[in-house]
Amino acid sequence: ATFSFRNEGTGLLIIRKLGVSCGCTNAVSSKDSLYTSESANIFASYHSGKDSGQILKTIIVESNTTPVLHVLYIKGRVNSISQGQIRPGS
């Protein structure tokens, strides 16, 4: 998932930290600081492993804004495939 954002403020926007809800989720920002009117992206990925069903993962963005914390969500459904359905070469 890609989350796009823009600094609409008058000062420097600083992304201090990105936190994730579990080890199966990863997030990185394309920029750590943005001047007024600059844009950036937060790229997030989720690795399902053996999970199946509905998922809701969170990314917590800590910045120099008020409020300091902002929450982003990855929401979806993971469909499992049994081993019997996987065929080499398909």
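We count residues from 1, following the sequence as given.
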**Message:** Keeping Asn7 on the side-chain end and Leu34 on the backbone end, is there a donor-acceptor pair under 3.5 Å?
**Reply:** yes
**Prompt:** Tell me, do Phe5 and Leu72 make a side-chain contact under 4.5 Å, heavy atoms counted?
**Reply:** no
**Request:** Using side-chain contact (heavy atoms from CB on, under 4.5 Å) as the criterion, list what pairs up with Ser30, not counting sequence neighbours.
**Result:** Ala40, Asn41, Phe43
**Prompt:** Can you name the nearest heavy-atom pair linking Asn79 to Arg77, along with the distance?
**Reply:** OD1-NE, 3.4 Å
**Prompt:** What pair of heavy atoms forms the shortest contact from Val20 to Thr25, and how long is it?
**Reply:** CG2-O, 3.3 Å
**Item:** Pairwise disulfide (SG to SG under 2.5 Å) hits with a residue in residues 4-41, at least two apart
**Value:** Cys22-Cys24
**Item:** Transitive ILVMFWY side-chain link Ile42 to Tyr73, under 4.5 Å
**Value:** no
**Asked** How close do Asn64 and Leu12 get, heavy atom to heavy atom, and via which atoms?
**Response** ND2-O, 2.8 Å
**Prompt:** When rounded to the nearest 0.5 angstrom, what is the spacing between NZ in Lys31 and OG in Ser39?
**Reply:** 7.5 Å
**Asked** Among Thr36, Thr65, Asp32, which one satisfies side chain to side chain contact (heavy atoms under 4.5 Å, CB included) with Leu13?
**Response** Thr65
**Asked** Given the rule that I, L, V, M, F, W and Y join up when any side-chain heavy atoms are under 4.5 Å apart, are Ile14 and Val68 in one cluster?
**Response** no
Scan the side chains in residues 46-58 for donor-acceptor partners under 3.5 Å anywhere in the protein, sequence neighbours excluded, and list what turns up.
unit_1 : atom_1 : unit_2 : atom_2 : d
Tyr46  : OH     : Asp51  : OD2    : 2.7

**Asked** Is there side-chain contact between Arg6 and Glu38, with at least one heavy-atom pair below 4.5 Å?
**Response** no
**Prompt:** Quick one: CD1 on Ile59 to CG on Leu18, what's the gap to the nearest 0.5 Å?
**Reply:** 8.0 Å
**Request:** Keeping the roles fixed (side chain from Asn26, backbone from Ser45), state whether a donor-acceptor pair exists under 3.5 Å.
**Result:** no
